[in-house]
Number of protein chains: 2
Amino acid sequence: MSFTYKYARPAVTVDCAVFAIDFEKENLKVLLIRRGEEPFLNHWALPGGFVHTDESLIEAAHRELQEETGLTSIYLEQLYTYGNVDRDPRERVISVAWFALVNLEGRLLEARTDAVDAAWFSLDELPSLAFDHGRILSEATERLRGKLKYKPVGFELLPELFTLSQLQRLYEIILDTSFDKRNFRKKLQKLDVLIETDEIQKDVSHRAARLYRFDRDKYRDLESRGFYFEL
Amino acid sequence: MSFTYKYARPAVTVDCAVFAIDFEKENLKVLLIRRGEEPFLNHWALPGGFVHTDESLIEAAHRELQEETGLTSIYLEQLYTYGNVDRDPRERVISVAWFALVNLEGRLLEARTDAVDAAWFSLDELPSLAFDHGRILSEATERLRGKLKYKPVGFELLPELFTLSQLQRLYEIILDTSFDKRNFRKKLQKLDVLIETDEIQKDVSHRAARLYRFDRDKYRDLESRGFYFEL
DNA sequence: CCCCTTGGTGTATAATGTACACTTATATAA
DNA sequence: TTATATAAGTGTACATTATACACCAAGGGG
């Protein structure tokens, strides 16, 4: 079976920059897959693939992530659409790029399937990537840094329950700065989007910290009234 | 001549939300074209069209604007890519949407060619638009409002030389607020990206205001050192 | 030459951001 | 059981920034 059109049509793909925080190593990681075919055979690349005709762009992104990395129901946000004529050596390919945030919660290297070779790379030890994926990834990283300051996306990188110190470290790792503990907490208190649970940290060899939860509903409500998240 | 592929391919288009400020009527305007064919015959729509295989996405956007509205060398920024399966009743069409900013400088209704019927609409008197263009336009408007606060995009809507009052009115119109004149000027002074020219307003029946120019180079320089524009 | 319109300017007060250090709780090792 | 190590948790003084506010100047038109 084949499909014929009056004018030439580009192929359309989705590609995802999937980020996670590695709290042990204190750095930001991105998920890459090793290509099993030409071009760029054996090069590392962003997970992604062709958009099917019966699925929306975001559905395509979710499906490709599921197929190539096993990740499901993760935070996805459209980044940019790359359409330079020669970005793929074979033919015209337009790629809708997404950035994705996941919390690893211990399963740091579990995210590989039998089908494809997938691995987490820290951002300062990146291999050279296939196509223009290096550029896509660096623009995605920049976007993440920018967004972190004025949208509560950081919580997508944390487990459901987290401590205030974890949250602070997350910001410090991604933005590569350090915050004063008291001032950081003061700000969060005023933002008023955290729910203090009555649970505390387990299995730590020091005073256990209180666990908090991000109140998505409350945030949406505040946001719709013109409230401006900023950290 | 025709083109055949193994898998079905979507058509790819670009669509542009072109904004301008109408200082007489004190409102924000958007450029629409009247469709000359089905579907949505005679409906108003965003200017746009199919991406050719030998041009990048931004080139396609510029070309379509030139062809349909006569506008050349204007500010263009990618907005979002819309790819819902049924957004075009005929077949699968993926549209890369752009928002564009122009300064009219008097030529308010000149922007129509013989080929297509084009007109400026104020945002609160919009007709119902073809396809999902209503949604695209409202998301573009939201993006413009957001961006205005932390990027110096407002200058794209002004002539090369402008008065501080014009700049202030521009912000007030788009953000639908009002600013204190002295505080507004104080902020601009601290941003330090305006060049005071030695020219003044002509043909006004009151004291003539000094004309300023936006210093793009200086802004780029400051931005690269981590400076943060905010108004 | 008077009036109308817009241009242009400073200061006092409130609100917000920043810098900074000690006590508390818990697990582990002596 | 006691000592030690580690991170948790908490308030205040000072600096910086944002806000509110009113009058004189300049120029054109009647």
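- Spacing between atom NZ of B:Lys187 and atom C1' of C:dG8 amounts to 19 Å, rounded to whole angstrom units.
- In this model, the phosphate group of C:dG8 is not approached by any side-chain N or O of B:Arg207 to a distance below 4.0 Å at OP1 or OP2.
- The interatomic distance linking A:Ile200 (CD1) with C:dT24 (P) rounds to 18 Å, in whole Å.
- Nucleic acid contact for B:Arg210: sugar-phosphate only, since backbone atoms but no base atoms lie under 4.0 Å from a heavy atom of the residue.
- Among the nucleotides C:dT26, D:dG9, C:dG10, the one closest to any side-chain atom of B:Asn183 is C:dG10.
- In the set C:dG17, D:dG27, D:dC21, the nucleotide with an atom closest to the side chain of B:Asp180 is D:dC21.
- Across the interface with DNA chain C, nearest-nucleotide mapping of A:Ser205 and A:Lys181 shows A:Lys181 to be the residue nearer the 5′ end.
- In this structure, B:Lys202 reaches neither bases nor backbone, as no heavy-atom distance under 4.0 Å exists between it and the strands shown.
- Taking atom CD of B:Gln166 as the reference point, atom P of C:dT6 lies 13 Å away to the nearest angstrom.
- OP1 or OP2 of C:dG7 has at least one side-chain nitrogen or oxygen of B:Ser165 nearer than 4.0 Å.
- The distance between atom NE2 of B:His206 and atom C1' of C:dG8, rounded to the nearest whole Å, is 13 Å.
- Rounded to whole angstrom, the span from the CD atom of B:Gln201 across to the C1' atom of C:dG8 amounts to 13 Å.
- Among C:dT9, D:dT10, C:dT26, the nucleotide with an atom closest to any side-chain atom of B:Arg182 is C:dT9.
- Rounded to whole Å, atom C1' of C:dA19 lies 15 Å from atom CZ of A:Phe179.
- Taking CG of B:Leu211 as the reference point, atom CG of B:Asp198 lies at 10.0 Å (rounded to 0.5 Å).
- With D:dG28, C:dT5, D:dT12 as the candidates, the nucleotide lying closest to the side chain of A:Lys186 is D:dT12.
- Ionic pairing of A:Lys151 and A:Glu223 is present here: one or more N-O contacts between side-chain nitrogen and carboxylate oxygen are shorter than 4.0 angstrom.
- Here the closest heavy-atom approach between residue A:Val14 and residue A:Leu57 is recorded as CG1-O, 3.7 Å.
- Each of A:Phe121, A:Trp120, A:Phe131 was evaluated against A:Trp44; a single residue qualifies, A:Phe121, per the ring-ring contact (aromatic ring centres under 6.0 Å, His included) test.
- If you measure from atom NZ of A:Lys190 to atom P of C:dA15, you get 11 Å, rounded to the nearest angstrom.
- Ring centroid separation for the pair A:Tyr82 and A:Tyr80 comes in under the 6.0 Å cut-off.
- In this structure, A:Gln189 atom CD and C:dT16 atom P are separated by 15 Å, rounded to whole Å.
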